[in-house]
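Single-structure report; data block below.
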Amino acid sequence: MSGALVVRGLAVGRPERDAHPLVSELDLTVQPGECLGLVGESGSGKSLTLRAIAALLPKPLVVRAGSVAVGDAVLPLTAGTAARKARRARIAMVFQDPSSALDPLKRVGAQVAAVRQHVRGRSRAEARRDAVQLLAEARLPHPEQLYGRYPHELSGGQRQRVMIAFALASDPEFLLCDEPTTALDVTVQAEILALLDEIRVTKGVGVLFVTHDLPVIARVSSRIAVMRHGAVVETGDTLEVLGAPAHEYTRGLVASALALSGGGAADAGGAS
Ligand SMILES: Nc1ncnc2c1ncn2[C@@H]1O[C@H](COP(=O)(O)OP(=O)(O)OP(=O)(O)O)[C@@H](O)[C@H]1O
């Protein structure tokens, strides 16, 4: 592990000089082995922040200012192939919908193996062996058989486990998780959260975790950053921020989460 993921002064928007930024002056630090939760209402810029860090911004959006570093290594800001490869060796994304990252026409094991070959320079045989191991680490049953399946032949939970194996295939130091459990039913959701937690603890991988779901964030992250209108308005210890929000906007988020759950303050701050 070579140090923290440090984002400084990040601004994202259309390339035109007069375009209004969608993310601005954003600072975040994720320590190795830590899970930082990123919360905020829909459209506050959470996904764009993750995509900018991963050099995966959708066109025409660009990083207009700021820096992303892992330890002493400052990562290139451009979205070209070389920049993506440099990022992928250190940072990987887990999306809400695995089909946005997995090719429906390719066998899942081969997709995991391809990352081992292209990002980590493994031979074909090594990459295949590693891919089976990664599928096993993602707690997929019978990984040898599963290697040859196509994404549509798997359940939603299994696809998300393949997505996690795919993300881990580059040996990243940080995982950027964009609502990774939102599309799953509650039982599978809990299993995937437990898997991500296990990976964080056993591999020392830092996690930046985006979700709308405050009980989920209270469960997985020790610190949170609250986003509004493309900027961070409040950062701190998760239970302290959710239990006694300093910012009016965070108070509103907690109140609406409580209204939805029909619970009290302990539900938002102390969910386990
Ligand atoms: N490709 C794009 N082109 C232009 N604007 C975009 C693009 N993608 C997102 N935006 C805008 O950027 C802003 C932030 O979007 P983003 O997807 O990061 O929000 P979010 O906080 O992740 O929301 P949600 O929780 O609903 O996923 C929104 O106003 C959105 O409309």
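Residue numbers start at 1 and run along the sequence shown. In listed order, ligands and their atoms are each counted from 1.
- Annotation: Thr49 places no N or O atom under 3.5 Å from an N or O atom of ligand 1; distance criterion only.
- The residue among Leu61, Thr182, Leu57 with a heavy atom at the shortest distance from atom 4 (C) of ligand 1 is Leu61.
- Near His212, the atoms of ligand 1 lying under 4.0 angstrom from a non-hydrogen atom of the residue are 25 (O).
- Using a 4.0 Å cut-off between a side-chain N of Lys or Arg and a carboxylate O of Asp or Glu, Glu126 and Arg116 do not qualify as a salt bridge.
- Counting protein heavy atoms only, atom 25 (O) of ligand 1 is closest to Lys46 NZ, 2.8 Å.
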Quiz item: side chain to side chain donor-acceptor pair (under 3.5 Å) between Thr182 and Gln96: does it pass, once the steps are laid out?
Solution: CA-CA 7 Å; Thr182 307; Gln96 176 180 337; 4.6 Å; no
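- Shown in contact with Pro58 at under 4.0 Å from a heavy atom are these atoms of ligand 1, numbered in order with element: 1 (N).
- Between Ala19, Pro21, Gly43, Gly13, it is Gly43 that holds the heavy atom closest to atom 20 (P) of ligand 1.
- For Glu41, the heavy-atom gap to ligand 1 drops under 4.0 angstrom.
- Within 6.0 Å of CD on Glu25 lie no more than 12 heavy atoms contributed by other residues, nucleotides or ligands.
- For the pair Ser42 and ligand 1, the shortest N or O to N or O distance falls below 3.5 Å.
- The environment of CG in Asp185 is crowded: more than 12 heavy-atom neighbours from other residues, nucleotides or ligands sit within 6.0 Å.
- Nearest to atom 15 (O) of ligand 1 by heavy-atom distance, out of Thr211, Leu48, Val39, Leu38, is Leu48.
- Met227 and Leu38 make their closest contact through CG-CD1, 3.8 Å (heavy atoms, listed as atom of the first residue, atom of the second, distance).
- The shortest N or O to N or O distance between Leu22 and ligand 1 is not under 3.5 Å.
- Within the cation-pi definition used here (under 6.0 Å to the ring centroid, within 45° of the axis), Arg128 qualifies as a partner of Tyr147.
- The shortest separation from a heavy atom of Gly40 to ligand 1 is not under 4.0 Å, leaving the residue out of contact.
- Between Arg8 and Thr29, the side chains place a donor N or O and an acceptor N or O closer than 3.5 Å (distance only, hydrogens not considered).
- Taking atom 17 (O) of ligand 1 as the reference point, the nearest protein heavy-atom neighbour is Ser47 CB, 3.6 Å.
- Within a 4.0 Å radius of atom 30 (C) of ligand 1, the protein contributes no non-hydrogen atoms.
- The heavy-atom pair separating Arg14 from Ala19 by the smallest distance is CB-CB, 3.8 Å.
- Residues Arg223 and Asp237 are not paired through a salt bridge, judged by the lack of any N-O separation under 4.0 Å between the basic side chain and the carboxylate.
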